[in-house]
Amino acid sequence: MACLNVCRDQGYAEEKNPKIKEVCTLDGTIDWYGRPAVRGRTGTWVAGILILVNQGLATLAFFGVGVNLVLFLTRVLGQDNAEAANNVSKWTGTVYIFSLLGALLSDSYWGRYKTCAIFQVIFVIGLSLLSLSTYIFLLKPKGCGDEKSPCGDHSTFEIGLFYISIYLIALGNGGYQPTIATFGADQFDVEDPNEGHSKISFFSFFYLALNLGSLFSNTILGYFEDKGIWALGFWVSTGSAAMALVLFLCGTPMYRHFKPQGNPLSRFCRVVVAATRKWKDEMTPSGEDLYEGEDENKCSQNESRKIVHTHGFKFLDKAAIITPKEMNQMGKGAQNPWRLCTVTQVEEVKCILRLLPIWLCTILYSVVFTQMASLFVEQGAAMKTTISSFHIPPASMSSFDILSVAAFIFIYRRVLDPLVARLMKKGLTELQRMGIGLVIAILAMISAGVVELFRLKYEVKDCNTDCETPSSLSIFWQVPQYVLVGASEVFMYVGQLEFFNGQAPDGLKSFGSALCMTSISLGNYVSSLLVTVVMKISTRDGMPGWIPGNLNKGHLERFYFLLAALTTADLLVYVLCAKWYKYIKFEGKGGNDSGNIGQAELRV
C-alpha cells in the first residue's frame, strides 16, 4: 500500500488547528530543521528563482575574470599566444576538476547547502585577492595593460600572488558549480508530476541564467578590460560574487535538502569486494533471489529510492546473493556489509559504469567549446575590430554565443521539442540531443576554419606581431562560429545536465552534475595538450607553426579542421555507446517504478 504522505503535528500546523494536514514531498527532502519538507512552504520556483539569480551573479563574477584572461596574460604578464592559451586551458580545466571535490563533499559529508555556501566564500576571497594584487602590483607602469601598452616585468612574488588568487577562484567556483545545479534541482519533487516537469525546465533556465550572467562580463566588463581598466573589471566581479553569496544565504529558510549519504567510494568498494568473494556462487537468471534490503523504512520520508534491478554486469549481482551463512547472520542481526550488498548498492555501481562511456565521449566536445575562451579570441584580435572609430573587444564576440543559447533554448522548448513529439510520438531523449550537439560542434569548427582561410586571404602584408590590424576582414565574420557553438551548447550541455542528474543514483546527484563539469575540465586539458603537440610538430625545420604569435604566419585553420575531424570520429563512437546505454529505473515511494522509464528504449 502506498505510503500516506502527510505531515502532521511537526510544528507546521497552526496551534489552533491541530488537525490541519500539510502535504510533504515524496522524494525524501527535508527542511532546514531536519523535518520532512512541506510542499507548500519550501522549494519550487520561489527557491529555484533565488538560485537562478545567484547563478547569474556568480557567473558574471567568474567570466569577468575568465573571458579576458588570455588577454590579461599576454598584455599584463607578457606571455605569448600559445603559452597564454595553454595557461587559460589549464586554469579552466582546474576549475572543473574541483567540481569533483565539491560533489564528493556535498554527497558524502556536508550536504549541498553547506557546500555551496563554503565554496562561495572561497570564491569571494579569491576575487578580492585578485583585485588587490592587480591594482597594487601588476598594473605597472600606470595605464598599462591595453592593446598598445603592455606592462613591464613582475617579481616572482607578484606572479605567485596572481596565480594563488586565480586558483582560489578556480577552487571556489569549481566546488560550487555542480552542487548549485543539483541543489536547484532538489527544490522540485520528481515524484510529483507538476514539479517533475518544472525540474526538467529548471536545467534549461539554469543554463540560460549562466549565459545571461556572462553576457554583462563579455560586453561591458570585456570592453573596459580590453581598454586596460582591469582593476575595475575585477572589483565589479568581486561585488557581484558577494551579492550572489548574500542572496543565497537569504533563501536559507525555504530550501529543501537531501541528507548526505556517506562516502560513495566505500559503497562502490563493498560491492566489488562482495562480488569477488562470491564469484563461484550461482544465481537464478531472473535475479529474484537477490537481497533487496529491509522494508521497514519504506514509508520513511528521508529514505532514498530503491533502484530496480537490471541485467548486465552480472558479476556484480553476486554481491547481492544471500548465502546460507549470511542468512544465519541476518537472523542474528549481524550482517556484514562487505559480504552482502543490496540490489540498490549494486545498481549504483552499474549506473556509474554505464555512464562512463557516455561521459568520455563528451570530452572532445569540450575541446571545441573551450576554443571560445582562447583561440577564437586570438583569431578575433587578428581581424578588423573597428567600426568607424569604435573598437570591438575580441572577447565580447562571445556575446553572440550567449544570445544563441538564449534563442535556441526558446526554439527547442517551444518549437522543436513539441514538433518532434508530434511527429515521432515522443520527444528527443537527452542522449539524442547530446548527439545533435556534437554534429553542430563539427559545423562550428568547419565555420571557424573557413573564416580563418578568408582572414589570411585578406591579411595585411608585412604585418608584425604588434601591428594594429593584421587582417582587413571584419571580426563580425566570426558570428556564425559563435552562434553554432551556442546552438550546440543547448543540445549538449543542457542535455548533459539533465542526463547525468537524472541518471545518477540519489546518493550521487552532485557527482552526476560534476561529470558534466569534469568533461569540460578534461576538454580544456586535452585542448592544451593538442596545442602543445601541434606546435611541437608544426615548428620543425624552422617553421613558425600553426599557432604562432603572428597568426598571419601560421595556419590556425588547420587546427580547426583537425578538431572537426576528431569530433566526427568521436560522434561515431558516441552513437555506439548511446545505443548500448540502459536507462536507470527507480522504485518510487509508493512502490511504483519511476525515473526515465519512458526513455528506456533508446532511439539515436
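All figures in this text were calculated on a predicted structure; none of them were measured in a lab. These numbers come from the heavy atoms of this one structure, side chains and all, not from hydrogens, waters or symmetry mates.
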* To do: Please answer whether the main-chain N or O of Phe511 pairs with a side-chain N or O of Asp107 as donor and acceptor at a distance below 3.5 Å.
  => yes
* To do: Using atom types as modelled and distance alone, determine if a side-chain donor or acceptor of Arg270 lies under 3.5 Å from a backbone N or O of Pro337.
  => no
* Asked: Is atom CE of Met243 surrounded by more than 12 heavy atoms (other residues, nucleotides or ligands) closer than 6.0 Å?
  -> no
* To do: Please indicate whether Tyr135 has more than 12 foreign heavy atoms, meaning atoms of other residues, nucleotides or ligands, lying under 6.0 Å from its OH.
  => no
* Taking 4.0 angstrom as the limit, do Glu430 and Arg433 come out as a salt bridge? -> no
* Asked: Quick one: does Arg112's side chain get under 4.5 Å of Ser510's, heavy atoms only?
  -> yes
* Identify the heavy atoms of Leu100 and Ala514 that sit nearest to each other, and give their distance. => CD2-CB, 4.1 Å
* Asked: Do Glu195 and Thr44 have side-chain N/O donor and acceptor atoms under 3.5 Å apart?
  -> no
* Is it true that a side-chain atom of Ser108 and a backbone atom of Leu105 form a donor plus acceptor pair closer than 3.5 Å? -> no
* Structure fact -> For Val367 and Gly523 the tightest heavy-atom approach is CG2-O, 3.3 Å
* **Side chain to side chain, Val272 and Phe268, heavy atoms closer than 4.5 Å** => yes
* Asked: Between Tyr412 and Val494, is any pair of side-chain heavy atoms under 4.5 Å apart?
  -> no
* Ignoring hydrogens and angles, state whether a donor on the side chain of Tyr493 or Ser519 is under 3.5 Å from an acceptor on the partner side chain. => no
* Quick one: sort the Tyr255 and Tyr113 rings into parallel, tilted or perpendicular, breaks at 30° and 60°. => tilted
* Asked: Any idea how Phe119 and Trp110 line up, ring-wise: parallel (<30°), tilted (30 to 60°), or perpendicular (>60°)?
  -> tilted
* Structure fact -> Note: Cys361 and Val573 closest approach over all heavy atoms is SG-CG1, 3.9 Å
* Parallel, tilted or perpendicular: which fits the ring planes of Phe234 and Trp230, with parallel below 30° and perpendicular above 60°? -> tilted
* Between Phe72 and Phe162, what is the ring plane arrangement, given parallel below 30°, perpendicular above 60°, and tilted in between? -> parallel
* **Nearest non-hydrogen partners of Ser217 and Gly64, listed with the distance** => OG-N, 3.4 Å
* Checking Glu347 side chain against Thr310 main chain: does a donor-acceptor pair fall under 3.5 Å? -> yes
* To do: Classify the ring geometry between Phe62 and Phe123 as parallel (under 30°), tilted (30 to 60°) or perpendicular (over 60°).
  => tilted
* **Geometric class of the Phe205/Trp45 ring pair [parallel <30°, tilted 30-60°, perpendicular >60°]** => perpendicular
* Student check: side-chain heavy atoms of Phe258 and Lys509 closer than 4.5 Å -> no
* Write out all pairs satisfying side chain to side chain donor-acceptor pair (under 3.5 Å) with one or both partners inside residues 200-214, taking only residues at least two apart or from two chains. => Ser204-Arg413, Tyr207-Glu489
* **Any side-chain heavy-atom pair of Gln55 and Ile180 under 4.5 Å** => yes
* Looking at Gly102 and Thr179, what are the two nearest heavy atoms and their distance? -> O-OG1, 3.7 Å
* Asked: Can any side-chain N or O of Asp31 pair as donor or acceptor with the backbone N or O of Ala37 at less than 3.5 Å?
  -> no
* Asked: Are side-chain heavy atoms of Asn87 and Tyr163 found at a separation under 4.5 Å?
  -> yes
* **Side-chain donor-acceptor contact under 3.5 Å, Ser131 with Thr238** => yes
* **Nearest-0.5 Å distance, CD of residue Gln187 to NE2 of residue His257** => 7.5 Å
